[in-house]
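Reading through the structure tokens given below for one structure.
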Amino acid sequence: MNTELKDIQDREERAIKKAKTVKELAEVELSLFGRKQGLLTTVLKSLKDKPEHERRTFGAQANTLKTRLTQQIEERRAIVGGLEEGSEPFDLSEPLLPIPATGSLHPVTQISEELEECFSAMGFRVLDGPELENDFYNFEALNHPADHPARDMQDTFYIKDAPALLMRTHTSPMQVRALRQYGAPLAAIVPGRCFRNEATDARHEHTFHQLEGFLVDADVSFAHLKGVLEAVAHQLFGEMVRMRLRPKYYPFVEPGVSGEVTCMLCEGKGCRVCKQTGFLEVFGAGLIHPNVLRAADINARRWSGFAFGFGLTRLAMLKYGITDVRLFHSGDSDFLKQF
Ligand code: DAH
């Protein structure tokens, strides 16, 4: 393109874009196409003075430029004209800009919500309990008298000026609180934070999450416990997953079991994480001990029930292949962005 025309094109296109009102745009238009002194008018008029061989190409280029600038002025007029009337310019064909990521739910929250959905569908209500507990609900009412050795496994943080208060070591105290408040029959789950005085490493953390659940009604048996938890395991990990229950002692249930499901990392073939057993422990459970029902003011002759506790933090680690528990509360956004 002829350099004179190129200069005009560059300069005037900028002027058109800069025009913010219809009036400013009209001025640009006049300076370009005005009958007497318009820049392009003058250029076109000068054609006749050019030598024959230049006239054709220059003329063609000047006319193309005229069409181009006229079109840009019209487009700009539609935009600034619209703005002046108070309406936003609206271009249906404009491609959508990518929406920036706005954060995501913490992996423990995601697992918790999955379980909440599962249990709510079966009629369990979702409850919340205090993280600062007292000795009675955390231990005594759960059949751990003051000198019970099982207390040693759950050392926690005590409050200096109130020795009866402590940070709850599990969500089980809510069995007693909820039964005292609502009475039997009752089916509820309680997700929440728990605390223990641990020496921290990749597998131990002073703060972690559990999900407690229980059902109290007439004639509740071990078959009910198994049926409910098997349904949940299938919903959570798929129909192929098998569940097995093995005897384990917890003071607040009788009998008590450790609940295991097919290892999701090796699909039951045996690997390092499941210690070649093909199964992973994901919950503790059992039939609620009559002493616990009594502490909750429930007639243990009339009512019976089952209870279970899932390690939510542990479930999240297994599901997402997280190898260091300390990442959960690290506040590391690179870690969190992955979920
Ligand atoms: N509270 C137990 C813990 O923190 C977990 C548990 C085991 C809860 C058995 C239960 C249960 O409700 O029946 O290790």
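Every number for a ligand or one of its atoms is a count from 1 in the order of the listing.
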One finds that the ligand 1 atoms under 4.0 Å from a non-hydrogen atom of Ser172 are 1 (N), 8 (C)
Counting heavy atoms under 4.0 Å, the part of Phe306 that contacts ligand 1 is neither
Exercise for the section: Assess whether atom CD of Gln338 is packed by more than 12 heavy atoms of other residues, nucleotides or ligands within 6.0 Å. Expected result: yes
In ligand 1, the atoms that come under 4.0 Å of a heavy atom of Gly309 are 8 (C), 10 (C), 12 (O)
**Prompt:** Can Arg177 be said to sit on top of Tyr137's aromatic six-ring, NZ or CZ under 6.0 Å from centre and within 45° of the ring axis?
**Reply:** yes
query = Heavy atom of Gln175 under 4.0 Å from ligand 1?
reply = yes
With a 6.0 Å cut-off on the ring centroids, do Tyr320 and Phe339 count as close?
yes
Is it true that Glu116 and Ser112 share a donor-acceptor pair across their side chains at a distance under 3.5 Å?
yes
**Q.** Atom CZ of Arg35: over 12 foreign heavy atoms under 6.0 Å
**A.** no
Ring-plane angle category for Phe124 and Phe306, please: parallel below 30°, perpendicular beyond 60°, tilted otherwise. tilted
A student checking ligand 1 against Val253 at a 4.0 Å heavy-atom cut-off should list atoms 13 (O)
A student checking ligand 1 against Gly286 at a 4.0 Å heavy-atom cut-off should list atoms 13 (O)
Counting from 1 in the order shown, the ligand 1 atoms closer than 4.0 Å to a non-hydrogen atom of Gln210 are 3 (C), 4 (O)
*Go through the steps to decide whether Glu254 and Tyr249 satisfy the test side chain to side chain donor-acceptor pair (under 3.5 Å), and finish with yes or no.*
CA-CA 8 Å; Glu254 175 58 37; Tyr249 174 73; over 6 Å; no
Notebook entry, point to check: Under 30°, 30 to 60°, or over 60°: which ring-plane class applies to His148 and His144, parallel, tilted or perpendicular?
Noted result: tilted
Atoms of ligand 1 under 4.0 Å from any heavy atom of Ala285, numbered from 1 in the order shown, are 9 (C), 11 (C), 13 (O)
Problem - 4.0 Å heavy-atom contact, Phe214 with ligand 1 - result: no
With respect to Tyr250, determine whether any N or O atom, backbone or side chain, lies less than 3.5 Å from an N or O atom of ligand 1.
no
re atom 11 (C) of ligand 1, the protein heavy-atom contact at minimum distance is Phe252 CE1, 3.4 Å
Item checked: Within-cut-off N or O pair, Ala307 and ligand 1, under 3.5 Å -> yes
* Taking N or O atoms only and a 3.5 Å limit, does Arg196 qualify as a polar contact for ligand 1? -> yes
Is it the case that over 12 heavy atoms from other parts of the model lie below 6.0 angstrom from the NZ atom of Lys50? yes
ask   = Is there a donor-acceptor contact under 3.5 Å linking the side chains of Asn138 and Thr169?
value = yes
Judged by non-hydrogen atoms, does Gly256 sit under 4.0 Å from ligand 1?
no
Numbered in order shown, the ligand 1 atoms found under 4.0 Å of a heavy atom of Glu212 are 8 (C), 10 (C), 12 (O)
